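Please read the structure below before turning to the comments.
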Number of protein chains: 2
Amino acid sequence: MAVALIRMPSQSEAPAHDRVYRGLRQLVMHGELMPGQALTLRGIGKQYGVSMTPAREALRRLTAEGALTLSASGRVTTPELSNDRIEELAQIRALMEPELASRALRRAHLALIDRMEAINDANARAIHRQDPVEYIRTNLEFHRTLYLRAQSPAMLGLLETVWLQLGPTMRTLYTRLRRTTAPPHHRLILEALRAGDDAALRLALRTDVTQGLRHLQG
Amino acid sequence: MAVALIRMPSQSEAPAHDRVYRGLRQLVMHGELMPGQALTLRGIGKQYGVSMTPAREALRRLTAEGALTLSASGRVTTPELSNDRIEELAQIRALMEPELASRALRRAHLALIDRMEAINDANARAIHRQDPVEYIRTNLEFHRTLYLRAQSPAMLGLLETVWLQLGPTMRTLYTRLRRTTAPPHHRLILEALRAGDDAALRLALRTDVTQGLRHLQG
DNA sequence: CCATGACAAATGTGATCACAAATGCAGATG
DNA sequence: CATCTGCATTTGTGATCACATTTGTCATGG
């Protein structure tokens, strides 16, 4: 049938595959997709108004980062992590995040701490409102805001792939334990930052990271 | 015009894009490509006897892992790392590799240590033969053989992406300093393993990792 | 000798198609 | 009622093409 092609604005926007990638990446990282959720090339393409080719590139990229899982037949789904894998990813977070925080410590001036406090307030509201996606989003933003000051782009990049892998699982975990009160760790982190106490900061991050994920054990 | 397609063996081999990916990944990791080396879709396709589509998927995957760099216009090259970036990647290695080694320690029985010793001999021969690619290959195999025992696939996966990012740079570094004698760190690692000394093992790995990459400073 | 501009070649992007394999489901069978 | 078989549908894979943009080259002008 070969219909005449629809002409796109032709402005030099971001490539289609990149738009698809970013959209899906956010869905995964913020836990807006359930573990085991299947994604098809044609389905993604239709959702984003593109053909299979950009959709394929986006999925390939995301699976390379561990955000998605590839079955033997080439099917793509969000990962269903085993308890061992969740534990391991938590340990990786516990290894990297205190290091990033420590590096950010000396560069963390007051404006940064204030901004983190604001994000933490939004986080507390999300908890009270029982909004898992917003909770995950603000929680990650809280951490990322701090780590950006570490000036360690490679390490932060690696850490974000870990967050990505945990995205769908976080969603089910945080909806499962229906927490109604904010965990105290973020306050400890802020206090350590204000005090300039490296050891306390590292400890606060380690407990924040491991505590949040170790509550799933069933 | 739609010419009749050439029929491929149709055996259920690995997909073409995966073969291309594996081939290129090895080239990058073992330092067989110079930093800044440009890779084109049609060129890769011709080399591996496939069309642009699988070549594109392989390149997308490798750039997602940091093995390749994407220019603003979409061109793909091997990364040319700044000194800061090299330093940061070395610090990441120094953070992860002692951890992996420590986890492998209690599972490291004699057969493993013997195998590592054999790999280390091959490594020494590669140094004497002035063969940078074989040196890098055996060096990484030495480390990976140990870390596989850590039973931490996620952490090992992350570490391999770090190795990937360093691949092309390692090549130029190791050819630059034309070492003729093996560094002593691998022997220290083996001794610590035999002694079951965790602290010594961690220290040996940290120095092996940082020492090898800190010699570039010019 | 270096900068500049025009033109040709090279290159990434996205759409479409053919095809084989996998999947899902209905109906038959035990 | 559970299991298997057969078929229609879905799905990933790879090739090919058109197109816009970028890159490289070479001649011209300062």
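Bear in mind the structure is a predicted one, so any value in this text is a computation, not a measurement. Order of the sequence lines fixes the chain letters, A, B, ..., with proteins taken first and strands second; residue numbering starts at 1 for each chain.
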[X] [atom1] - [N] [atom2] separation (whole Å):
X	N	atom1	atom2	answer
L70(A)	dA22(C)	CG	P	14 Å
D18(B)	dG14(D)	CG	C1'	14 Å
L41(B)	dA15(D)	CG	C1'	14 Å
Y48(A)	dA15(C)	OH	P	15 Å
M52(A)	dG14(D)	CE	C1'	10 Å
L68(B)	dT11(C)	CG	P	16 Å
H17(A)	dG12(C)	NE2	P	11 Å
E57(B)	dG12(D)	CD	P	11 Å

Checklist entry - Step by step, would you call H109(A) with R149(A) a side-chain hydrogen bond (donor to acceptor under 3.5 Å, both in side chains)? => result CA-CA 10 Å; H109(A) 41 288; R149(A) 276 299 190 287; 3.2 Å; yes
From [options], nucleotide with atom closest to [X] side chain:
X	options	answer
R75(A)	dA15(C), dT10(D), dC17(D)	dT10(D)
T40(B)	dG14(C), dT13(D), dT11(C)	dT11(C)
P54(B)	dG12(C), dG14(D), dG12(D)	dG14(D)

Item to check | Test item: T69(A) side-chain N/O and T78(A) main-chain N/O as donor-acceptor pair under 3.5 Å | outcome: no
Item to check | N/O donor-acceptor pair under 3.5 Å between S102(A) side chain and P98(A) backbone | outcome: no
Checklist entry - Going by number, which of residues 58-66 of chain B have a non-hydrogen atom under 4.0 Å from DNA chain D? => result none
Any side-chain donor paired with an acceptor under 3.5 Å for [X] and [Y]?
X	Y	value
H30(A)	R171(A)	no
R42(B)	Q47(B)	no
H143(A)	E97(A)	yes
E57(A)	Y21(A)	no

Checklist entry - Using the C1' atoms of five pairs at each end, what's the angle between the two axes of the helix from dC1(C)-dG30(D) to dG30(C)-dC1(D), to 10 degrees? => result 30°
Checklist entry - Donor-acceptor pair under 3.5 Å: do we get one between S73(A)'s side chain and the base of dA21(C)? => result no
Next on the checklist: Suppose we call a contact any N or O donor and acceptor under 3.5 Å apart; does that hold for the side chain of R56(B) and the base of dG12(C)?
Outcome noted: no
Taking the basic N atoms (NZ, or NE/NH1/NH2) and the acidic carboxylate oxygens, is any pair closer than 4.0 Å for [X] and [Y]?
X	Y	answer
D121(B)	R125(B)	no
R61(B)	E65(B)	no
E160(A)	R25(A)	yes

Item to check | Sugar-phosphate only, base, or nothing, as touched by I44(B) at under 4.0 Å among non-hydrogen atoms | outcome: nothing
Checklist entry - Is the phosphate of dA15(D), meaning OP1 or OP2, less than 4.0 Å from a side-chain N or O of S51(B)? => result yes
Next on the checklist: Assuming nearest nucleotide by heavy-atom distance, tell me which of R42(A) and A16(A) is located more 5' along DNA chain C.
Outcome noted: A16(A)
Item to check | Residue closer to the 5' end of DNA chain C, S71(A) versus T53(A) (nearest nucleotide) | outcome: T53(A)
